[in-house]
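Numbers restart at 1 for each chain; the letters A, B, ... are given by sequence-line order, proteins then strands. Worth saying up front: this structure is predicted, and the values here are computed from it rather than measured.
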Number of protein chains: 2
Amino acid sequence: MREPLRADMFDELCPSALNPVRFGDKWAALIIRCLEDGPRRFSELRVPLGRITPKVLTHSLRSLERDGLLTRTVLNGTTTVRVEYELTALGRSMLEPMAIACAWVAEHWEQLLDAREAYDRAIRFDRAAAALPAGRRAAAPIG
Amino acid sequence: MREPLRADMFDELCPSALNPVRFGDKWAALIIRCLEDGPRRFSELRVPLGRITPKVLTHSLRSLERDGLLTRTVLNGTTTVRVEYELTALGRSMLEPMAIACAWVAEHWEQLLDAREAYDRAIRFDRAAAALPAGRRAAAPIG
DNA sequence: CGGTATCCACAAGGATACTG
DNA sequence: CAGTATCCTTGTGGATACCG
């Protein structure tokens, strides 16, 4: 027989597996991919990230910096301020697993949407049936 | 020169890349791995998931079912009720990218923790320095 | 056994406006 | 240019108790 699941099954994993790390972050995956070809500036990153607000972008970048995935460098020109964000070796090592995850999503996104739609339709049908008197379920609608 | 980042860079990806999918879910990765070797029952899943509450487990399972990643089957015995959860083909296709992601985390978890610790130490130092009078920063501590 | 129901805390994310 | 500041909404997860 198949072995039962053990209580310490995930003990060697970090707590909650992927969640505390950047796989679960809404923007992190995108930011990391933006930095794939080299350092980028703050305002440069805002372009592909659509309608991300500066607050959220700052927070995401700080969080990635804290985890050692990228570095933040302030370049002082005489009049302007430049800040560049660049992947560390640790950050680079994440590119491949991230790309694989993104590829899976891209490949199966349609299937996922279809499944959701079908599920929601079934739920609506069930609820409609439950709202009818017991003997009348699946009967022809009267109006 | 390196190309600028385009605004439509992520248009072919699903909105927010990984987030709406199960990579970002706290429990989904673990649940999916629990089902790797075949169908499991509700109470069976509670064991390796530590202190997950039934409400949260139910919600996670429903969400995965909705996305077409697993199926829920009620097996009516005469006196007992069995419910089994089993991966679909779509769910199975996620095992590999998920394993790769988990492997990355497991492999670099220590580095991440170290980076966080170092970052937090630096922040605390900076804040302490900022709290001193301007001329005294980085001076010897007095007591 | 396999869940619901209810209430709650916290954090992520967003809208909007302002700053060194 | 590269952010802060403030306020707010939502969602995720948890605690506890109860149900068919």
Side-chain angles (χ1 to χ4, degrees), chain A residues 4-5 15-31 34-35 39-47 49-67 70-86 123 126-127 130, chain B residues 4-5 15-31 34 39-47 49-67 70-86 123 126-127 130 134:
Chain A
L5 300 175
S16 309
L18 300 179
N19 196 51
V21 197
R22 313 283 108 229
F23 283 93
D25 187 296
K26 178 170 184 178
W27 298 105
L30 302 184
I31 291 173
C34 288
L35 297 177
R40 299 283 184 181
R41 303 173 63 179
F42 188 85
S43 46
E44 220 174 339
L45 289 172
R46 296 185 67 173
V47 176
L49 298 181
R51 306 176 58 76
I52 193 172
T53 64
K55 186 197 104 172
V56 174
L57 179 54
T58 300
H59 182 264
S60 295
L61 288 168
R62 289 282 191 283
S63 182
L64 291 166
E65 187 192 3
R66 178 171 181 257
D67 283 353
L70 55 78
T71 57
R72 176 177 181 272
T73 312
V74 181
L75 307 166
N76 264 313
T78 47
T79 58
T80 60
V81 180
R82 289 178 64 100
V83 177
E84 282 193 344
Y85 295 91
E86 184 170 17
I123 291 291
D126 288 350
R127 276 217 269 267
Chain B
L5 300 175
S16 309
L18 299 179
N19 196 51
V21 198
R22 314 282 107 231
F23 284 94
D25 186 297
K26 178 170 182 180
W27 298 104
L30 302 185
I31 291 174
C34 286
R40 300 282 184 180
R41 303 173 63 180
F42 188 85
S43 46
E44 222 175 339
L45 290 171
R46 295 185 68 173
V47 177
L49 298 180
R51 304 176 60 76
I52 193 173
T53 64
K55 187 197 104 173
V56 174
L57 179 54
T58 299
H59 182 264
S60 295
L61 288 168
R62 288 283 190 283
S63 181
L64 291 166
E65 187 191 1
R66 178 172 181 255
D67 283 353
L70 55 78
T71 58
R72 175 177 181 273
T73 312
V74 181
L75 306 167
N76 264 313
T78 48
T79 58
T80 60
V81 180
R82 289 178 66 101
V83 178
E84 283 193 342
Y85 296 91
E86 183 169 17
I123 292 291
D126 288 353
R127 275 218 270 267

For [X] and [Y], which heavy atoms make the closest approach, and how far apart are they?
| X | Y | result |
| --- | --- | --- |
| A:W27 | A:L49 | CZ3-O, 3.6 Å |
| B:E44 | A:L5 | O-CD1, 3.9 Å |
| B:P54 | B:R46 | CD-NH2, 3.4 Å |

Please state how far atom [atom1] in [X] lies from atom [atom2] in [N], giving the value in whole angstrom units.
| X | N | atom1 | atom2 | result |
| --- | --- | --- | --- | --- |
| A:E44 | D:dG3 | CD | P | 13 Å |
| B:W27 | D:dG11 | CH2 | P | 21 Å |
| A:I31 | C:dA12 | CD1 | C1' | 14 Å |
| A:R82 | C:dG20 | CZ | C1' | 19 Å |
| B:L57 | C:dG3 | CG | C1' | 10 Å |
| B:R62 | C:dG2 | CZ | P | 12 Å |
| B:R40 | C:dC1 | CZ | C1' | 17 Å |
| A:E84 | D:dC1 | CD | P | 14 Å |

Next on the checklist: I need the B:R62 CZ to B:L64 CG distance, nearest 0.5 Å.
Outcome noted: 11.5 Å

Item to check | Toward the 5' end of DNA chain D, by each residue's nearest nucleotide, A:R41 or B:I52 | outcome: A:R41

Checklist entry - In terms of side-chain heavy atoms of A:H59, which of C:dG3, C:dA12, C:dG2 is nearest? => result C:dA12

Next on the checklist: Among D:dG14, C:dG13, D:dG3, which nucleotide has an atom closest to any side-chain atom of B:T53?
Outcome noted: D:dG14

Next on the checklist: When you measure from the side chain of B:S63 to the backbone of B:H59, do you find a donor-acceptor pair of N or O atoms at a distance under 3.5 Å?
Outcome noted: no

Item to check | Residue-phosphate contact under 4.0 Å: B:R72 side-chain N/O, C:dG3 OP1/OP2 | outcome: yes

Next on the checklist: Less than 4.0 angstrom between a side-chain N/O of A:T58 and OP1 or OP2 of D:dG3, yes or no?
Outcome noted: no

Checklist entry - Using a cut-off of 4.0 Å on non-hydrogen atoms, how would the nucleic acid contact of A:R46 be classed: base, sugar-phosphate, or nothing? => result nothing

Checklist entry - B:T80 near the nucleic acid: base, sugar-phosphate alone, or nothing, with a heavy-atom cut-off under 4.0 Å? => result nothing

Using side-chain heavy atoms (C-beta onward) and a distance below 4.5 Å, is [X] in contact with [Y]?
| X | Y | result |
| --- | --- | --- |
| A:L75 | A:E84 | yes |
| B:I52 | B:L30 | no |
| B:L61 | B:F42 | yes |
| B:E86 | B:T73 | no |
| A:I31 | A:S60 | yes |

Could you go through nucleotides 5-10 of chain C and list every protein N or O atom that sits under 3.5 Å from one of its N or O atoms, giving the distance for each pair?
none

Next on the checklist: Over the length of the helix from C:dC1-D:dG20 to C:dG20-D:dC1, how much do the five-pair end axes diverge, rounded to 10 degrees?
Outcome noted: 50°

